[in-house]
There are 2 protein chains.
Amino acid sequence: MTPVTQTTTAPDVDRQLAAALRNRGQRVTSQRLVIHRALRELDRHVSAEQVLDAVRPRLPGISLPTVYATLELLEELGTVRRVSRAHGPALFDPRPDPHHHLVCRVCGRVQDFDAPLDLDAATAAAAGQGFAPDRCELVVSGRCADCAAAG
Amino acid sequence: MTPVTQTTTAPDVDRQLAAALRNRGQRVTSQRLVIHRALRELDRHVSAEQVLDAVRPRLPGISLPTVYATLELLEELGTVRRVSRAHGPALFDPRPDPHHHLVCRVCGRVQDFDAPLDLDAATAAAAGQGFAPDRCELVVSGRCADCAAAG
DNA sequence: CTTTTTGCAAATGATTTGCATTAAC
DNA sequence: GTTAATGCAAATCATTTGCAAAAAG
């Protein structure tokens with residue numbers, strides 16, 4: 001008995017991605033499905049290399065260029081967000097709902113952050129300047145709990 | 001007759017940087033002064049290469065590694081903010097006061113944005129998680145006025 | 001005079017590209 | 001069958017590093 005409130009099951013995630021790809025006239029490949037599924041399972045900010053390591057057991061011949069291409073595709077589909085950083089590779093955030101980030105300027109760590117923030121006025125102001133907003137993200141830089149404690 | 005409300009004059013900017021450097025036991029070099037001055041004069045988001053081009057007339061032998069090192073130093077001093085981007089070099093923002101950014105995901109353009117936004121609650125929430133906030137920036141991605149009109 | 005900063009050349013690291021092969025459709 | 005996607009190798013681009021020479025204090 002599957003309650004209607006249940007979290008999306010794995011094959012369901014696959015079906016959603018497949019549908020989105022077909023909508024765009026693009027092909028449903030095992031690489032795309034496995035990378036997409038792995039991101040959902042990892043459920044944290046990961047680099048392209050980390051994605052590669054995570055999927056290699058299930059896709060022995062996978063290559064880094066394919067991982068990058070797929071991550072870019074998933075970003076276009078809106079299921080992944082790329083977070084560019086100084087002093088390190090970009091991270092990919094699999095959380096699809098709007099949320100914010102805490103970025104440690106000492107260790108580079110990026111944490112999700114659910115900020116109490118009303119973005120309606122800001123979004124309207126951006127639109128008032130002719131800008132067509134897509135996403136609004138608050139980026140808080142500082143020292144994470146660990147680095148603040150250390151020194 | 002210099003009104004007291006006048007914008008900081010160039011030599012004044014130099015003196016402020018020199019003082020900050022001496023405070024940290026670092027040396028006041030012409031490269032640092034000229035790069036700092038150029039950023040203030042450019043008054044827009046620029047890449048390290050663009051900074052190099054801007055200062056070369058005044059510093060014929062300047063090198064890109066020095067520009068990078070100086071920009072990093074100025075970031076530590078809080079007079080410049082680095083904005084990392086996908087698909088392009090980092091940009092350096094010479095505006096010292098808190099403000100936000102509109103990032104075009106079509107052409108990559110980054111504009112300053114004075115958002116009507118109350119960050120006190122968000123800052124407090126970050127602190128509540130043990131994070132020591134330093135800066136809060138809203139990043140709005142979407143299409144800039146030009147790209148929205150075109151595409 | 002001592003130590004930091006610079007410029008240069010070279011290294012590094014992330015990401016992208018070209019192209020032949022493979023797999024979707 | 002046709003066309004898009006993949007894997008590989010190599011290229012590219014931004015940024016950093018090592019080290020001898022120059023400049024600051």
Side-chain angles (χ1 to χ4, degrees), chain A residues 14-15 17-36 38 45-53 55-56 58-77 80-92 105 108 110, chain B residues 14-15 17-36 38 45-53 55-56 58-77 80-92 105 108 110:
Chain A
D14 288 355
R15 256 182 273 115
L17 176 61
L21 287 170
R22 288 202 199 87
N23 268 339
R24 295 170 44 121
Q26 291 183 292
R27 295 183 180 174
V28 180
T29 67
S30 55
Q31 288 87 342
R32 287 170 179 174
L33 291 171
V34 171
I35 289 171
H36 184 238
H45 304 105
V46 284
S47 66
E49 292 271 7
Q50 290 175 317
V51 172
L52 182 69
D53 292 345
V55 300
R56 225 195 298 257
R58 286 189 269 180
L59 295 168
I62 184 103
S63 70
L64 200 45
T66 298
V67 172
Y68 273 105
T70 303
L71 288 169
E72 187 161 8
L73 173 61
L74 294 178
E75 193 184 21
E76 281 170 31
L77 295 177
V80 164
R81 244 193 283 180
R82 185 190 205 125
V83 183
S84 300
R85 295 181 307 167
H87 310 301
L91 298 182
F92 295 85
R105 66 177 159 69
V110 178
Chain B
D14 289 355
R15 258 181 273 115
L17 176 61
L21 288 170
R22 289 203 200 85
N23 268 339
R24 296 171 43 122
Q26 291 182 292
R27 294 185 179 171
V28 180
T29 66
S30 55
Q31 288 87 341
R32 288 170 178 174
L33 291 170
V34 171
I35 289 171
H36 184 238
H45 304 106
V46 284
S47 66
E49 291 272 6
Q50 289 174 318
V51 172
L52 181 70
D53 292 344
V55 300
R56 225 193 299 257
R58 284 189 270 179
L59 294 168
I62 186 102
S63 70
L64 200 45
T66 297
V67 172
Y68 274 105
T70 303
L71 288 169
E72 188 160 7
L73 172 62
L74 294 177
E75 193 185 21
E76 281 168 33
L77 295 177
V80 164
R81 244 194 284 181
R82 184 190 205 125
V83 182
S84 299
R85 296 180 307 165
H87 310 302
L91 297 182
F92 296 85
R105 66 178 159 69
V110 178

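By convention in this document, chain letters (A, B, ...) are assigned in the order of the sequence lines, proteins followed by strands, and residues within each chain are numbered from 1. The shown structure was predicted, so the numbers you read here are calculated from the model rather than taken from an experiment.
If you check residues 59-70 of chain B against DNA chain C, the residues with a heavy atom closer than 4.0 Å are Gly61(B), Ile62(B), Ser63(B), Pro65(B), Thr66(B), listed by number. Contacts of residues 23-32 of chain B with DNA chain C (heavy atom under 4.0 Å): Gln26(B), Arg27(B), Thr29(B), Gln31(B), Arg32(B).
Nucleic acid contact class of Ala86(A) (heavy atoms, under 4.0 Å, all strands): none.
For Glu49(B) and Arg22(B), each mapped to the nucleotide of DNA chain D holding its nearest heavy atom, the one lying further toward the 5' end belongs to Glu49(B).
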Does the pair Val28(B) and Asp14(B) meet the rule for a side chain to side chain contact (heavy atoms under 4.5 Å, CB included), with working shown?
CA-CA 10 Å; Val28(B) 180; Asp14(B) 289 355; over 6 Å; no
Would Arg105(A) and Glu75(B) count as a side chain to side chain contact (heavy atoms under 4.5 Å, CB included) here? Give the steps.
CA-CA 12 Å; Arg105(A) 66 177 159 69; Glu75(B) 193 185 21; over 6 Å; no
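On the nucleic acid side, DNA chain D contacts chain B at distances under 4.0 Å to non-hydrogen atoms, with the end points of that region at dA14(D) to dG25(D).
Two end axes, each from the C1' atoms of five base pairs, can be drawn for the helix from dC1(C)-dG25(D) to dC25(C)-dG1(D); they diverge by 40°, to 10 degrees.
The CD atom of Glu72(A) sits 18 Å away from the P atom of dA14(C) (whole-angstrom rounding). For Leu73(B) and dT6(C), the CG to P distance is 9 Å, given to the nearest whole Å.
For the residue pair Arg27(A) and Leu21(A), the shortest heavy atom distance occurs at O-CD1, 3.6 Å. Closest approach of Leu73(A) to Gln26(A), counting heavy atoms only: CD1-OE1, 3.3 Å.
When side chains are defined from C-beta on, Leu77(A) does not count as touching His36(A), because their heavy atoms never get closer than 4.5 Å.
One distance of note links CG of Leu64(B) with CG of Leu52(B); it measures 5.5 Å at 0.5 Å rounding. Interatomic distance, CD1 of Ile62(B) versus CD1 of Ile35(B), reported as 4.0 Å (0.5 Å rounding). Rounding to the nearest 0.5 Å places CZ of Arg24(B) at 5.0 Å from CD of Glu76(B).
Within the structure, salt bridge (charged side-chain N to carboxylate O under 4.0 Å, His left out) pairs that include any residue of residues 58-69 of chain B comprise Glu41(B)-Arg58(B) (at least two apart or interchain).
Remark: Pro89(A) pairs with Ser47(A), Arg85(A) by the side-chain contact (heavy atoms from CB on, under 4.5 Å) rule, at least two apart or across chains.
A donor-acceptor pair under 3.5 Å is absent between the side-chain atoms of Arg82(B) and the main chain of Leu71(B), judged by distance alone. When atom types are taken as modelled, the side chain of Ser84(A) and the backbone of Ala86(B) share a donor-acceptor pair closer than 3.5 angstrom. Put simply, the side chain of His45(A) never gets that close to the backbone of Leu91(A): no donor and acceptor are under 3.5 Å apart.
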